[in-house]
Amino acid sequence: MEKICARFGDDYWLKRDRDGAFPEEFRGAIADGGWLGICIPQAYGGAGLGIADAAIMMEAVAASGAGLSGASAVHMNIFGLNPVVVFGSEEQKRRMLPPIAAGKEKACFAVTEPNAGLQTTKLQTRAERRGDRYVISGEKVWISTAQVADKMLILARTTALADVRKPTEGLSLFYTALDRRHVEVREIEKMGRAAVDSNQLFIDGLDVPVEDLIGEEGSGFKYILHGLNPERILVGAEAIGLGRAALRRAASYAKERVVFDRPIGQNQAIQHPLAERWMELEAASLMVFKAAWLYDHGQSCGPEANAAKYLGAEAGHKACATAVMTHGGYGYAKEYQVERYFRESMIPKLAPVSPQLILCFIAERVLGMPKSY
Ligand SMILES: Cc1cc2nc3c(=O)[nH]c(=O)nc-3n(C[C@H](O)[C@H](O)[C@H](O)COP(=O)(O)OP(=O)(O)OC[C@H]3O[C@@H](n4cnc5c(N)ncnc54)[C@H](O)[C@@H]3O)c2cc1C
């Protein structure tokens, strides 16, 4: 992985950050190396490895300097289709997984909605059954890679909220073609990771064959939940990788930059924050691999996966911020890359779940306090 990533240096990522073009060459190289299907079972063209292996891979991608631009360009391939692997029919697995493992198709993940936010059960996108088809209409927001995706994994309501026993019921999951005649994809201008687009989706009468419904109608929320823990573990690993890239640059700059007749890295006020960042990244990494181990061994890992995402995002962000400060004014110049890392380090903090909601989850599920949201 490191060898592949080394072919895409700082100039490449700086250029992608400037022109906003999707890193096709990078993604192609990862696909050619056979890495995209790392978690997809061998029977469907993947390598059949675990989430711990995928976490090592994604950390290495981000740590190479590709950062979140590189990681997000392949993220969905790595674990996005987990609901199909676990809940899809044999026919669906044979049809849907091999093109993703081979990198022939790109997929996006369409859950978030403007009027629901983190309260997923309030999503308003509707899928109506009409004979052998569903017709989907609604709005999604922040959907990454929808500019380039061929397919989307989309969560929509099939039974109105008023007609279900629990709000988590009545949501269904589909993996289907992103037919642009019925889906308008409007890019959101954003702070960082310009190379990997995030978008508003306006869906109007998207025709979906029943064969594209994953599992049972109405159980989509359960299927999505199943994939959340591995995704959190991977996002934590990506954030840690980004932090490591920042720390490497900061330490190297601190050794070279001479002010007051000595390298700035000889000052403890420069050394100590960097040493702390290293420890934080290491500690977060242990949590990532603890969560990954539990997941790979079929054990419950909700608190650990959430903690891995939280701690990884915090450690990654702090490392990027410290790297900017270590560079002084040059930390603000694009040439030194760390300002790009800093902007990208906000993403794992914000998505796929906010730090506040993780704290709420730990307080409730681990510490037994009353549910607050
Ligand atoms: C770059 C990027 C890429 C993304 N890619 C995708 C994607 O590919 N697919 C997809 O489906 N989504 C994607 N998202 C969406 C992301 O998952 C959501 O932004 C995230 O889940 C938060 O939802 P929201 O923005 O609507 O926040 P809101 O739900 O509006 O929350 C706003 C703030 O209020 C806080 N808050 C709300 N309620 C409480 C409470 N009870 N207690 C404490 N705090 C609370 C939240 O923690 C948060 O800080 C992406 C987002 C970003 C920024």
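All values below come from the heavy atoms of this structure, side chains included, with hydrogens, waters and symmetry mates left out. Just so you know, ligand 1 is whichever comes first in the structure, and atom 1 is the first atom listed for that ligand.
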Just to confirm, does any protein heavy atom lie below 4.0 Å from atom 34 (O) of ligand 1?
no
Atom 24 (P) of ligand 1 has as its nearest protein heavy atom G117 CA, 4.1 Å
In the protein, what heavy atom is nearest to atom 9 (N) of ligand 1, and what distance, to one decimal place, separates them?
F109 O, 2.8 Å
Any salt bridge between K151 and D212, counting N to O under 4.0 Å?
no
Looking at atom 13 (C) of ligand 1, what's its closest protein heavy atom, distance included?
W142 O, 3.3 Å
Any donor-acceptor pair under 3.5 Å from E339 side chain to A333 backbone
no
Under 4.0 Å from atom 6 (C) of ligand 1, is there at least one protein heavy atom?
yes
Strictly below 4.0 Å, N to O, side chains only: are R95 and E91 in salt-bridge contact?
yes
Is the Y336 to Y253 ring centre distance short of 6.0 Å?
yes
Among all the protein's heavy atoms, is there at least one whose distance to atom 37 (C) of ligand 1 comes out below 4.0 Å?
no
Give the table of side-chain donor-acceptor pairs shorter than 3.5 Å for residues 362-373, with sequence neighbours excluded, one pair per line with atom names and distance.
none

Which pair of heavy atoms, one from E238 and one from A62, lies closest together, and at what distance?
O-CB, 3.3 Å
Any protein heavy atom at under 4.0 Å, with atom 30 (O) of ligand 1 as the reference point?
no
Tell me, please, which residues at least two apart from R232 pass side-chain hydrogen bond (donor to acceptor under 3.5 Å, both in side chains).
N306
For S198, the atoms of ligand 1 under 4.0 Å from one of its heavy atoms are 1 (C), 3 (C)
Atom 23 (O) of ligand 1: which protein heavy atom is closest, and how many Å away?
L118 CG, 3.8 Å
For I143, the ligand 1 atoms whose distance to one of its heavy atoms is below 4.0 Å:
7 (C), 8 (O), 9 (N), 10 (C), 11 (O)
Of all protein heavy atoms, the one nearest atom 47 (O) of ligand 1 is S354 OG, 2.4 Å
Are R277 and E280 ion-paired here, with the side-chain N under 4.0 Å from a carboxylate O?
yes
Would you check if the side chain of D296 reaches a backbone N or O of G50 as a donor-acceptor pair within less than 3.5 Å?
no
Does the protein come close to atom 51 (C) of ligand 1 - that is, does one of its heavy atoms sit below 4.0 Å from that atom?
yes
For Q356, the atoms of ligand 1 under 4.0 Å from one of its heavy atoms are 43 (C), 44 (N), 47 (O), 49 (O)
For V111, the ligand 1 atoms with a heavy-atom partner under 4.0 Å come out as 11 (O)
Determine the sole option in R94, K93, Q92 for which the side-chain hydrogen bond (donor to acceptor under 3.5 Å, both in side chains) test with E90 is passed.
R94
From atom 17 (O) of ligand 1, is the closest protein heavy-atom distance below 4.0 Å?
yes
Judging by distance only, is a nitrogen or oxygen of T112 under 3.5 angstrom from one on ligand 1?
yes
Consider every N or O of R193 and every N or O of ligand 1, then say whether any pair is closer than 3.5 Å.
no
For Y12, does the six-membered ring have the charged nitrogen or CZ of R16 within the cation-pi criterion, i.e. under 6.0 angstrom from the centroid and within 45° of the normal?
yes
Got the closest protein heavy atom to atom 40 (C) of ligand 1, with its distance?
L357 CD2, 4.0 Å
Salt-bridge criterion met for E216 and K222 (N-O under 4.0 Å):
no
Check whether any side-chain heavy atom of V141 sits under 4.5 Å from a side-chain heavy atom of E139, and report yes or no.
no
Which heavy atom of the protein is the closest neighbour of atom 8 (O) of ligand 1, given with residue, atom name and distance?
S144 N, 3.0 Å
For P352, is the nearest heavy atom under 4.0 Å from an atom of ligand 1?
yes
Starting from atom 41 (N) of ligand 1, find the nearest protein heavy-atom neighbour and note its residue, name and distance.
Y373 CB, 3.4 Å
